[in-house]
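Working notes, structure below.
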Amino acid sequence: MDVRRRSEEPVYPSKVFAADEKPLKPHKKQQQQQEDKNTLLIDASDALPLPLYLTNGLFFTMFFSVMYFLLSRWREKIRNSTPLHVVTLSELGAIVSLIASVIYLLGFFGIGFVQTFVSRGNNDSWDENDEEFLLKEDSRCGPATTLGCAVPAPPARQIAPMAPPQPSMSMVEKPAPLITSASSEEDEEIIKSVVQGKIPSYSLESKLGDCKRAASIRKEVMQRITGKSLEGLPLEGFNYESILGQCCEMPIGYVQIPVGIAGPLLLNGKEFSVPMATTEGCLVASTNRGCKAIYASGGATCILLRDGMTRAPCVRFGTAKRAAELKFFVEDPIKFETLANVFNQSSRFARLQRIQCAIAGKNLYMRFVCSTGDAMGMNMVSKGVQNVLDYLQNEYPDMDVIGISGNFCSDKKPAAVNWIEGRGKSVVCEAIITEEVVKKVLKTEVAALVELNMLKNLTGSAMAGALGGFNAHASNIVSAVFIATGQDPAQNIESSHCITMMEAVNDGKDLHISVTMPSIEVGTVGGGTQLASQSACLNLLGVKGANREAPGSNARLLATVVAGSVLAGELSLMSAISSGQLVNSHMKYNRSTKDVTKASS
């Protein structure tokens, strides 16, 4: 029988030696290892009816094809509630094929393990000559490296960390975890590794164990990759551990937003100093003037109308009739009690209030509404909805869950369902501003404000086809308070839904103003509320953290403060427009006096 043997080539590339340098003879252990490897390769290849590469390809293809077939079948069984142990003839054949391919693949990779053990045999007699031989051989490969030419560490010895890998090497080892203390030399090596793609940027925190150091290295990496300076982006003075795994991934610093104070805002008999994080000049000053006018007129009153966060999954059936059957099932008061018990088991604070359904063909959208304590509650309501979907899957096995969020919620998008039904906290806030205050503080007239509100906020917004935007600038105040108190800025979209109403009262002398905001989405626990700066702003308002005596009262109070601040902002801006002072005030307070040409140079 012909025996296929591999060509006897030197283990290392050839090298031209100097006149006074003698070639290094192969080590006796190296010769023995090479002979053992050749023997294994001969035995393995002779046992196969096909060439090795074709056999490998065949079994790999069979393995993945059978796995895909079995997983697809098991998925269908789970959907149809069919026991997994009941198998068809085709499934039985697939299982046998899977076992055969696994046995072959284990045997194939087992040859590599045997080669490794053979090549490392008799290593117990490690001596200085062995180490010298390996070090000399490694010197032929150029600089020391962790890839390809790594020197095996003797049992009682340690070799210094290796340099970056040679591109020509094919065997790649993962870099060791970076757990050493910070130093400029070490950081420089890490930076180079990240730039070269050897260390993922997102893994720096876990490898270094130091979030601030990881942010510093990542920032320098970005400067080198992009060639752009990040000198103005601060790094010091921030607790990066506080955002790990909850607020921001792969940080390189933080953005500075100044926080101003408007107030005192006299609301429901209590005074509040409202923190506002903004870079828009005049905004805090204008809101502060509105607070002054409200305070001088006896304060504002705020009423909470509803409190319920929503999540609306989308499910699909084979027919519209089946979708309607589930709709009737969910809306049945008796069945609802059962669903509420299932929902409420997901949290101590989550309490299901109602389920609103809408059908589109054979698709059903179920809008779950629940109270969430002092949390904004998106994660809380999602957990409860998942519990209910799992329960309904048993009752309706043909129900196909398309997504836990079907946009009938509706989150971070302007939507009529939020404007009409509400989402989060629904609040109305009102105040009566006396004629004297309108003239002396706001510098305008009651009649002028009423007319402007009708033509601008009502008629003008209707002409524009506004959805929940019947106001002057509610989103300005909502965004500023949200950022200062650690709320989700993206939820400013639906939280700024507001209609501002103005009417002359008391024989036309005084002004009645109100803002109705049906979907203010705020919380005092979770997310950005636990960061130091945002927590301090919440503490200033007296709503920091959860209220243990009356769960949910802190978040509700924060929503009323937001609405009261919007009331002050609307009153002041409308007065400025009415009196013709808007442009002058912005020219005075919202324009920089710095020479832009010098600043850019």
Side-chain angles (χ1 to χ4, degrees), residues 146 158 160-165 173-260 275-279 375-376 378-379 479-491 523-541 544-546:
T146 58
Q158 291 186 353
M162 304 304 173
E173 296 178 6
K174 294 182 179 179
L178 305 172
I179 56 176
T180 54
S181 59
S183 67
S184 58
E185 294 81 4
E186 292 176 352
D187 286 354
E188 182 64 27
E189 291 298 323
I190 299 170
I191 291 170
K192 291 180 179 178
S193 297
V194 176
V195 171
Q196 295 171 5
K198 300 168 188 173
I199 298 178
S201 177
Y202 62 81
S203 67
L204 287 175
E205 281 79 4
S206 60
K207 288 182 176 295
L208 294 171
D210 186 338
C211 293
K212 180 181 177 183
R213 183 184 173 199
S216 175
I217 291 175
R218 188 179 293 113
K219 180 180 179 182
E220 179 60 28
V221 168
M222 288 305 303
Q223 292 186 124
R224 296 191 186 185
I225 292 177
T226 63
K228 307 293 184 180
S229 173
L230 293 173
E231 182 180 359
L233 187 66
L235 186 70
E236 301 293 333
F238 190 83
N239 182 11
Y240 292 93
E241 279 74 14
S242 64
I243 64 173
L244 181 64
Q246 56 187 359
C247 291
C248 181
E249 298 78 33
M250 295 191 289
I252 59 173
Y254 59 95
V255 174
Q256 297 167 311
I257 301 180
V259 178
M276 302 176 66
T278 181
T279 56
M376 184 271 290
M378 284 299 302
N379 292 334
S479 295
V481 178
F482 268 32
I483 295 173
T485 57
Q487 310 304 311
D488 188 343
Q491 289 182 323
T524 58
V525 296
T529 64
Q530 55 197 352
L531 300 179
S533 302
Q534 290 82 340
S535 180
C537 291
L538 289 172
N539 189 52
L540 178 65
L541 293 171
K544 177 182 176 181

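Between P275 and A484, the closest heavy-atom pair is O-CB, 3.7 Å. Smallest separation of non-hydrogen atoms from K207 and I199: CD-CG2, 4.0 Å. Scanning all heavy atoms of the two residues, the minimum distance from G528 to Q534 falls at O-CB, 3.3 Å. Between I483 and A277, the closest heavy-atom pair is CG2-CB, 3.7 Å. The two residues L235 and A215 come nearest to each other via the heavy atoms CD1-CB, 3.8 Å. The shortest non-hydrogen separation linking Q487 to T529 is NE2-CG2, 3.9 Å.
Panel note: side chain S216, backbone K212; no donor-acceptor pair is recorded below 3.5 Å. The backbone N or O of G545 sits less than 3.5 Å from a side-chain atom of T524, completing a donor-acceptor pair. A distance-only check finds a donor-acceptor pair linking the side chain of K219 to the backbone of L230 [under 3.5 Å].
For the atom pair E186 CD and E189 CD, the distance stands at 9.5 Å (nearest 0.5 Å). Atom CG of residue L538 and atom NZ of residue K544 lie 8.5 Å apart, to the nearest 0.5 angstrom. To the nearest 0.5 Å, atom OG of residue S479 and atom CD of residue Q491 are 12.0 Å apart. The line from CG of L204 to CD1 of I191 is 9.5 Å long, rounded to the nearest 0.5 Å. Separation of atoms CD (E220) and CD1 (I225) is listed at 10.5 Å; rounding is to 0.5 Å.
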Q. Side chain to side chain contact (heavy atoms under 4.5 Å, CB included) between I190 and R213: does it pass, once the steps are laid out?
A. CA-CA 11 Å; I190 299 170; R213 183 184 173 199; 3.5 Å; yes

(Q) Pair R218, E205 - check salt bridge (Lys or Arg N to Asp or Glu O under 4.0 Å), show working. (A) CA-CA 10 Å; R218 188 179 293 113; E205 281 79 4; 2.8 Å; yes

Q: Under the side chain to side chain contact (heavy atoms under 4.5 Å, CB included) rule, what do L208 and I217 come out as? Steps first, then yes or no, please.
A: CA-CA 10 Å; L208 294 171; I217 291 175; 3.7 Å; yes

Q: Begin from the C-alpha positions of S201 and V221 and carry the test side chain to side chain contact (heavy atoms under 4.5 Å, CB included) through to its verdict.
A: CA-CA 9 Å; S201 177; V221 168; 5.9 Å; no

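We find that E188 and R224 are joined by a salt bridge, their nearest charged nitrogen and carboxylate oxygen being less than 4.0 Å apart.
Within the structure, the ring-ring contact (aromatic ring centres under 6.0 Å, His included) test picks out the following pairs touching residues 203-247 (sequence neighbours left out): F238-Y240, F238-Y254. Sorted by first then second residue, the ring-ring contact (aromatic ring centres under 6.0 Å, His included) pairs that include residues 195-223, not counting sequence neighbours, number zero.
For E241, the side chain to side chain contact (heavy atoms under 4.5 Å, CB included) partners at least two apart in sequence or on another chain are D210, C211, N239. Under the side chain to side chain contact (heavy atoms under 4.5 Å, CB included) criterion, V525 pairs with D374, A375, A546, sequence neighbours left out. Q530 meets the side chain to side chain donor-acceptor pair (under 3.5 Å) test with Q246; sequence neighbours excluded. For E231, there are no salt bridge (charged side-chain N to carboxylate O under 4.0 Å, His left out) partners two or more places apart in sequence or in a different chain.
Enclosure of atom CG in N539 by more than 12 non-hydrogen atoms of other residues, nucleotides or ligands within 6.0 angstrom is indicated.
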